[in-house]
Amino acid sequence: MKIEEIKNGIVIDHITAGKGEELYKLLGLDKLEIPVAIMKNMNSAKMGKKDIIKIDGAVELNTDIIGYIDPCATVNIIKDGKTVNKYGVSLPRELKNVISCKNPRCITSCEQELDQIFKLTDEEAHEYRCLYCETKAK
Amino acid sequence: MRSLIDIKELSVKEIDSLIETALDIIDNPQKYSEKCKGKKLATLFFEPSTRTRLSFEAAMYELGGNVLGFSEAQSSSSAKGESVADTARMISCYADIIAMRHPKEGAPLVASMNASIPVVNAGDGGHNHPTQTLADLLTIKRKKGRFNNLTVGLCGDLKFGRTVHSLINALNRYEGIKFVLISPEELRVPSYVKNEITKAGKEYIETKDLVSAMPELDILYMTRVQKERFFNEEDYLRLKDSYILDPAKLTNAKADLSIMHPLPRVNEISVKVDTDPRAHYFEQALNGKYMRMALILMLLGIK
């Protein structure tokens with residue numbers, strides 16, 4: 001299976017196998033009108049299997065979302081067919097309007113104009129809790 | 001400008017200072033009777049809570065201040081759809097400090113993020129109730145004289161009881177604290193609270209048996225086992241009496257045990273225990289008023 005190289009755009013590499021689709025959705029890539037490819041279960045010397053997302057065009061990505069879904073992922077910025085910048089991501093301390101609190105007793109459940117804010121409460125366990133009600137993010 | 005939403009926001013030193021003020025208020029009430037003259041406390045109670053509201057109001061009156069507010073959501077603008085943020089902004093124009101109770105968890109935090117005056121969380125759903133914990137701490141201080149080297153039994157509904165979780169968080173910071181968590185399996189302390197105990201380097205044991213845990217306890221903090229928490233009535237009926245404190249269950253208790261309860265009590269402590277000198281739950285309610293007085297002074301920056 002071959003997906004063409006991109007000239008100008010972004011490659012999100014080293015995504016833990018199985019997380020590509022969730023990342024695609026949370027980054028809102030489904031709403032883009034430019035070519036986007038999700039490659040699942042690709043062979044990787046380092047990881048065994050990995051997912052890759054290729055975006056053929058310049059877009060602004062929320063790296064907090066990438067760090068939240070998979071802090072192992074790397075972002076490659078491609079210009080004129082060459083990688084001009086490559087960087088890793090880390091678990092963000094705070095997530096704003098990325099995920100929603102599922103606690104029906106949370107104030108955000110009835111006041112929907114409030115920002116949905118989650119704080120990193122346990123780095124080791126990748127645990128985030130709602131700023132308002134402290135319910136764990138699912 | 002400072003608010004109090006969660007007991008963890010107060011350092012050990014600040015809690016010590018609040019306790020010191022409360023003890024001074026108890027000894028010298030006259031000295032404090034005009035400290036808040038000209039100040040107004042807004043009690044915004046979006047759900048009914050007679051005791052907490054009256055305690056806040058009594059606290060402000062005893063400091064020489066005034067009180068305004070409402071005691072149910074129907075009599076506030078929230079019934080017309082006003083947001084918590086707007087209510088907080090508006091009340092900031094009329095009062096000097098807010099005490100807020102709200103059925104939604106996090107509502108007082110939202111208020112504090114939008115108000116230009118201090119906000120005290122007077123209970124938000126099943127989440128936080130820091131001034132109850134302050135009342136609990138003053139009671140422990142007055143009865144035991146210390147916060148360290150205590151074996152603290154927590155009994156009843158330890159899963160949903162916000163007062164239990166807050167008290168654990170507060171006591172986790174002192175040396176030599178050991179928790180005995182007494183509850184039916186269905187109502188055990190959530191794992192994230194137990195993790196906090198472990199992270200703080202404190203010990204805990206879990207048991208279903210109140211009577212066998214009794215002899216080692218310095219404090220017994222009772223909470224109610226509510227019928228609606230059980231999946232079936234059979235389990236409730238089987239378990240409910242095990243967690244009702246009566247004189248017989250106190251036979252092997254220490255002579256200086258302190259029996260506490262955040263109130264309201266329904267039937268989880270027999271009225272026969274009320275006359276036992278170790279029953280401290282009504283004093284605990286009184287201590288709540290003193291700690292609220294100390295807290296109002298601290299948040300308003302009044303010495």
Side-chain angles (χ1 to χ4, degrees), chain A residues 16 18-19 22-23 25-28 62-72 89-138, chain B residues 3 5-9 44 46-47 73 76-89 100-115 119 121-130 159-160 162 165-166 168-169 190-200 228:
Chain A
T16 305
K19 289 190 171 177
E22 192 184 356
L23 186 55
K25 279 185 192 146
L26 265 186
L27 283 171
N62 182 342
T63 49
D64 282 354
I65 296 178
I66 305 172
Y68 167 64
I69 296 293
D70 191 354
C72 301
V89 290
S90 56
L91 280 179
R93 313 304 304 174
E94 183 181 295
L95 283 174
K96 195 168 175 182
N97 298 325
V98 175
I99 46 172
S100 305
C101 185
K102 301 282 184 281
N103 174 9
R105 297 177 305 277
C106 180
I107 184 68
T108 57
S109 71
C110 63
E111 296 205 355
Q112 281 149 15
E113 77 287 359
L114 288 169
D115 284 325
Q116 291 275 353
I117 301 172
F118 281 77
K119 295 272 185 192
L120 179 63
T121 48
D122 188 335
E123 204 162 341
E124 224 166 90
H126 290 202
E127 183 187 282
Y128 285 83
R129 287 186 180 271
C130 173
L131 171 73
Y132 307 100
C133 69
E134 295 180 272
T135 296
K136 198 156 97 178
K138 293 257 161 73
Chain B
S3 289
I5 306 302
D6 182 334
I7 193 70
K8 295 195 287 280
E9 294 163 14
L44 312 185
F46 292 85
E47 67 174 4
S76 80
S77 287
S78 80
K80 298 177 195 160
E82 186 178 52
S83 67
V84 167
D86 282 1
T87 303
R89 288 188 196 110
M100 177 188 274
R101 166 158 298 193
H102 201 287
K104 291 290 180 183
E105 298 173 7
L109 176 67
V110 173
S112 73
M113 291 159 79
N114 292 280
V119 176
N121 181 0
D124 58 338
H127 186 215
N128 279 319
H129 193 2
K159 185 175 181 183
F160 299 98
R162 62 184 171 193
H165 305 165
S166 290
I168 289 175
N169 278 322
S191 57
Y192 72 90
V193 180
K194 285 188 275 196
N195 290 344
E196 293 284 327
I197 300 176
T198 313
K199 261 196 247 170
E228 55 269 30

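Side-chain atoms are counted along with the backbone in the values below, which use heavy atoms only and exclude waters and symmetry mates. What you are looking at is a predicted structure, and each value in this text was computed from that prediction instead of being measured. All chains are named by letter (A, B, ...) in the order of the sequence lines, taking the proteins before the strands, and each is independently numbered beginning at 1.
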Treating [X] as the side-chain partner and [Y] as the backbone partner, does any N or O pair qualify as donor plus acceptor under 3.5 Å?
{"X": "A/E22", "Y": "A/K19", "value": "no"}
{"X": "A/Q112", "Y": "A/S109", "value": "yes"}
{"X": "B/D124", "Y": "B/G106", "value": "yes"}
{"X": "B/N128", "Y": "B/P130", "value": "no"}
{"X": "A/Y132", "Y": "B/K104", "value": "no"}

Partner chain B: residue of A/L131, A/T121, A/D122 with the largest heavy-atom pair count (under 4.5 Å): A/L131

Heavy-atom distances under 4.5 Å only: say whether [X] touches chain B with side chain, backbone, both or neither.
{"X": "A/L114", "result": "side chain"}
{"X": "A/C106", "result": "both"}
{"X": "A/T108", "result": "neither"}
{"X": "A/E127", "result": "neither"}
{"X": "A/E111", "result": "side chain"}

Side chain / backbone / both / neither for B/P108 at chain A, heavy atoms under 4.5 Å: neither

Segment of B/N195 engaging chain A (4.5 angstrom heavy-atom cut-off): neither

Parallel, tilted or perpendicular: rings of B/Y192 and B/H165 (30°, 60°): perpendicular

